[in-house]
Amino acid sequence: MEYDFLDIEKKWQAYWAENKTFEVKADPSKPKYYVLDMFPYPSGAGLHVGHPLGYIASDIYSRYKRLKGFNVLHPMGYDAFGLPAEQYAIQTGMHPAETTEKNIRRYREQLDRIGFSYDWSREVRTCDPAYYKWTQWAFLQMFGHYYDKDTDKAQPVSQLEEIFAREGNAGVNAACGDVEIFTAEQWNAFDEKRRSDILMKYRIAYQGETAVNWCPALGTVLANDEVKEGLSVRGGYPVEQKKMKQWQLRVSAYADRLLRDMEELEWTDSLKDMQRNWIGKSQGAEMIFKAVNENPASGAPGPQEYEMTIFTTRADTVFGVTFMVLAPESEWVEKLTTRDRKEDVKAYLVQAKRKTERERMAETRKVTGVFTGSYAVNPFTGDKVPVWISEYVLAGYGTGAIMAVPAHDSRDYAFAKQFNLPIIPLIEGCDISRESFDAKEGILCNSGFLSGKTVQEAIPAAIDEVERLGIGKRRINYRLRDAIFSRQRYWGEPFPIYYKDGVPLPVPEEDLPLRLPEVDKFLPTEDGEPPLGRAANWTYKGYPLEKSTMPGFAGSSAYYLRYMDPHNDTALVSREADLYWKNVDLYIGGTEHATGHLIYSRFWNKFLYDLGYVTEKEPFKKLVNQGMIQGRSNFVYRIKNTNTFVSCGLKEGYDTTEIHVDVNIVYNDRLDVEAFRKWRPEFADAEFILENGEYICGYGVEKMSKSMFNVVNPDNICNSYGADTLRLYEMFLGPLEQSKPWDTKGIDGVHRFLKKFWRLFFTGDVFGVSEEKAGAAELKVLHKLIRKVDEDVENFSFNTSVSAFMIAVNELQELRCNKREILEKMVILLSPYAPHISEELWSLLGHRESVTYASFPEYVEAYTIENTVEYPVSFNGKMRFKVTLPKDLPAGEVEKAVLAHESTAKYLGGAKVRKVIVVPSKIINIVF
RNA sequence: GCUCAGGUGGUGGAAUAGGUAGACACGCAGGACUUAAAAUCCUGUGGGCAGCAAUGUCCGUACGGGUUCGAUUCCCGUCCCGAGCACCA
């Protein structure tokens with residue numbers, strides 16, 4: 001009987017759906033295991049062969065865990081809010097909900113063909129009101145809480161109000177914006193608007209004015225991780241800096257916990273590094289410099305004295321400060337500009353502001369700046385140093401002002417050289433004639449009381465002195481900024497916030513979800529308001545509602561919790577479900593979320609943890625990043641100004657243009673010339689210069705995309721080879737974590753393997769296995785395989801275990817093995833990888849239940865532990881082979897056993913042994 | 001510039017608490033079956049040299065050093081590719 005994969009796969013997919021084979025319930029009698037894929041954004045293009053890579057790996061792991069007796073939660077859903085659907089809506093007028101629905105249906109069809117073991121009864125969609133109710137709910141919780149640094153957790157704002165009313169805010173140690181100190185009496189006298197403004201600076205979800213990434217083409221602000229190289233990640237439009245009032249999440253309050261708790265996670269070092277980098281903890285000191293403006297441009301009477309605060313990690317270098325620098329956006333700019341410098345400063349600010357983020361980057365390291373006219377005083381030396389303004393100082397980090405030490409900071413050095421400012425070396429023997437000496441090492445000189453100390457000693461000593469003088473204190477700064485949470489877009493979660501006399505108020509929980517309203521167009525309104533400004537009656541109890549919507553990461557931040565209890569309409573996740581499923585044991589997805597989703601999700605989880613809604617500190621215990629599958633593009637070479645194409649091997653000597661050709665009309669780099677002529681009208685009368693009667697295409701590795709004509713659709717693979725072959729081949733392609741090009745031509749190998757495996761169960765056309773006991777050779781094949789596959793799956797080394805299956809089947813074929821004892825176990829072992837063929841064979845073997853829950857452990861245990869040690873054996877100093885001996889052999893016995901071993905005897909071939917040496921590192925050297 | 005990961009046949013890739021490099025697969029070449037094709041099966045396949053041949057022998061894991069009886073694996077330096085961050089004081 002032929003291996004009819006189309007029939008078999010259809011049959012078993014229907015069987016799984018009918019029997020709800022993969023639906024799970026919390027079951028305290030079994031250990032739980034939660035395997036999660038990063039849910040996809042359902043784009044209009046559908047899935048290509050690269051998308052399912054991670055899903056296949058997680059599916060194999062899920063099925064494998066089921067065999068081992070775990071209760072496996074393996075859900076799937078859609079990250080369905082987002083820009084592409086909305087952009088499409090703007091162009092076509094089609095409602096994003098409609099296109100999204102259509103795309104989801106297409107995704108589901110494609111996913112179903114690959115035979116995944118998802119529990120679809122738990123599907124979530126972020127754009128479903130029943131789902132986003134809980135996104136809005138979480139936002140309201142954040143709105144209703146502040147971060148208390150003393151208890152190091154989120155606390156209710158109501159508690160803060162009580163403290164303010166009782167004792168003012170002087171004793172409150174919270175993560176907050178700039179607030180003035182007030183007493184209880186003052187607080188009690190403030191009006192409602194004033195109180196609201198103050199509380200806003202404490203809330204974890206707060207509204208605040210900051211410089212944001214504004215993307216004019218998309219008409220919205222973007223978070224830092226949504227911008228790459230000054231362009232929007234979605235669409236690639238230019239982004240500029242703009243000051244705007246926006247909703248933000250106080251992620252920075254959690255910076256230290258996000259850093260600390262990473263230690264216990266089983267994530268790759270490189271991913272942890274990326275997060276560490278993004279959080280960017282740096283220890284240093286905040287220090288006050290007195291600055292005097294003799295003749296203020298504002299017209300105020302001079303001299304005006306100010307105290308300027310800066311942040312530095314190099315307090316040891318204060319003796320080398322020769323100037324100060326302010327960010328162009330700094331509040332000190334206005335205060336310190338003198339009358340005679342006014343025009344120059346103004347001109348500089350204007351041109352700095354006009355530049356987009358991209359332009360600023362294009363001019364990397366081009367030094368610009370302007371002098372304010374004022375001077376500051378070096379607190380250690382008493383010297384007067386000029387205060388400058390420059391773009392290289394960022395408003396958003398530290399205090400937006402720095403002390404410049406040109407001798408030991410390369411940016412300050414470049415600036416000093418440009419504007420001829422003095423440079424004072426502070427490290428003994430350092431050469432600063434060409435560049436600064438940035439390393440934190442060496443012995444200090446020219447540094448008063450710090451001279452003679454090493455840098456490592458001097459840093460704390462200098463800070464101690466600063467603290468003693470009362471001009472500063474130790475401080476830790478983070479690079480991690482609060483997340484901008486508003487988007488001026490339509491297709492996202494509406495904020496459950498309305499405004500009463502300008503005071504933002506929460507829509508009460510019982511009125512959630514606050515549904516996205518209908519609008520006539522998806523563009524901003526004529527007066528520049530977000531699209532929700534077009535909605536008729538976008539009000540709550542007569543008061544206007546917030547018009548921006550939440551960003552993409554809002555809906556994806558807690559979806560893993562919702563899968564645990566997806567139909568609960570009284571809680572995001574019930575206590576029982578949370579206690580049973582806890583958190584994600586294995587999370588598989590791409591690295592592109594390292595600094596976005598994976599930070600936000602961890603933050604979101606920690607916040608809910610503080611409030612007692614979840615019991616785990618971290619959402620994702622183990623994380624594996626699958627690599628990208630790239631496209632393998634094919635090229636043809638057209639001789640310039642002709643319609644003649646020359647085969648790749650002969651193209652030297654011709655002046656040719658390289659043209660992408662659809663990979664679907666190329667087989668093993670050979671062009672189907674007839675199909676090519678039909679492909680495009682302009683190629684209808686194409687001529688070819690062939691080599692050996694064939695047209696050979698060139699190839700290259702690129703991103704898989706429509707425009708490169710290198711997209712391979714998994715549906716086509718399923719049609720011609722079957723889902724089991726696709727699954728095996730995707731794993732066989734290479735290590736999971738590695739990026740690699742897709743090349744369909746290798747697929748025959750794994751397909752052949754499945755056919756061989758199938759044939760082991762048949763004699764001619766008749767299915768039949770032998771009930772005879774297996775021999776030693778057959779058992780050895782099986783045991784080797786069990787051990788290898790067990791090891792490989794646990795290490796996510798799926799590619800080598802596919803090889804192991806191939807070797808085993810080749811060996812069994814050679815042994816003409818058709819014993820049930822062997823083959824039945826092979827079926828179980830293979831079922832996570834190739835579930836359809838395994839189900840079919842399992843049922844042919846007479847089983848009535850699905851192979852999904854067959855018992856695997858009893859087969860494994862016996863063979864995974866081996867009580868042996870390998871001894872490398874060398875002859876006359878040259879390593880030859882290893883012999884395997886029992887573990888607990890006494891030292892003297894080892895030599896005897898080695899000499900008695902069949903491999904040794906064979907190698908020596910009767911030669912007389914003169915000496916056997918056992919070297920301490922377990923080498924056995926035989927001299928003859 | 002900083003951080004991380006990597007460089008092995010024609011191709012994808014095996015093998016690292018240091019131990020016979022190139023498993024497995026693709027491709028290619030030859031053969032069997034077939035009127036023919038598909039499918040299937042068998043043989044060969046890193047390079048050089050010697051040999052009719054079995055085989056022998058030398059060179060080979062980006063490059064140059066080092067440690068070691070022994071290095072693809074460990075250490076130092078150089079080159080190259082990839083990813084992330086990018087004036088973070």
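The chains referred to below are lettered A, B, ... by the order of the sequence lines, with proteins before strands, and numbering in each begins at 1. Reckoned from all heavy atoms, side chains included, excluding hydrogens, waters and symmetry mates.
Separation of the P atoms belonging to G12(B) and G27(B) is 15 Å when rounded to the nearest angstrom. C52(B) and C42(B) have their C1' atoms separated by 24 Å, with the value rounded to a whole Å. G46(B) and A21(B) are spaced 14 Å apart, taking the P atom of each and rounding to whole Å. Comparing the P positions of U16(B) and A23(B) gives a spacing of 15 Å, expressed to the nearest Å. The gap from the C1' atom of G19(B) to that of C76(B) amounts to 24 Å, rounded to the nearest Å. G44(B) and G56(B) have their P atoms separated by 16 Å, with the value rounded to a whole Å. Comparing the same atom, C1', in A89(B) and in U8(B) gives a spacing of 44 Å after rounding to whole Å.
Put simply, Arg752(A) has no side-chain N or O that comes within less than 4.0 Å of OP1 or OP2 on A39(B). Contact annotation: Asn810(A) side-chain N/O to A25(B) OP1/OP2 distance is under 4.0 Å. Close to U40(B), at under 4.0 Å from its OP1 or OP2, lies a side-chain N or O of Lys755(A). Applying the 4.0 Å criterion to OP1 and OP2 of A89(B), one finds that Tyr392(A) has every side-chain N and O outside that range.
In this entry G77(B) has C63(B) as its Watson-Crick or G-U wobble partner, both defining distances falling under 3.5 Å. Under the Watson-Crick and G-U wobble criteria, each requiring two contacts below 3.5 Å, nucleotide U40(B) is paired to A32(B). When both distances must be under 3.5 Å, the Watson-Crick or G-U wobble mate of C49(B) is G56(B). Using the Watson-Crick or G-U wobble rule with both distances under 3.5 Å, G9(B) pairs with nothing in any strand shown. Pair assignment for A83(B) gives U3(B), based on Watson-Crick or G-U wobble hydrogen-bonding distances that are each under 3.5 Å. For U20(B), there is no paired nucleotide, since no Watson-Crick or G-U wobble pair has both relevant distances below 3.5 Å.
In this structure G44(B) sits in the anti conformation; its chi angle is more than 90° from 0.
His597(A) has its ring centre no less than 6.0 Å from the ring centre of Phe553(A). Here Phe635(A) and Tyr699(A) keep their ring centres 6.0 angstrom or further from each other. In this structure, Phe5(A) has its ring center at least 6.0 angstrom away from the ring center of Tyr721(A).
Among the protein residues, Arg632(A) comes within range of no part of the nucleic acid, since none of its heavy atoms lies under 4.0 Å from any strand. Residue-level contact check: Asp412(A) touches neither bases nor backbone, having no heavy atom under 4.0 Å from any strand.
By the 6.0 Å and 45° rule, Arg276(A) does not stack over the aromatic ring of Trp267(A).
In this structure the side chain of Met287(A) never reaches within 4.5 angstrom of the side chain of Lys473(A), judged on heavy atoms.
With rounding to whole Å, Glu592(A) atom CD is found 10 Å from G84(B) atom P. We find that NE2 of His593(A) is positioned 13 Å from P of G84(B), with the value rounded to whole Å.
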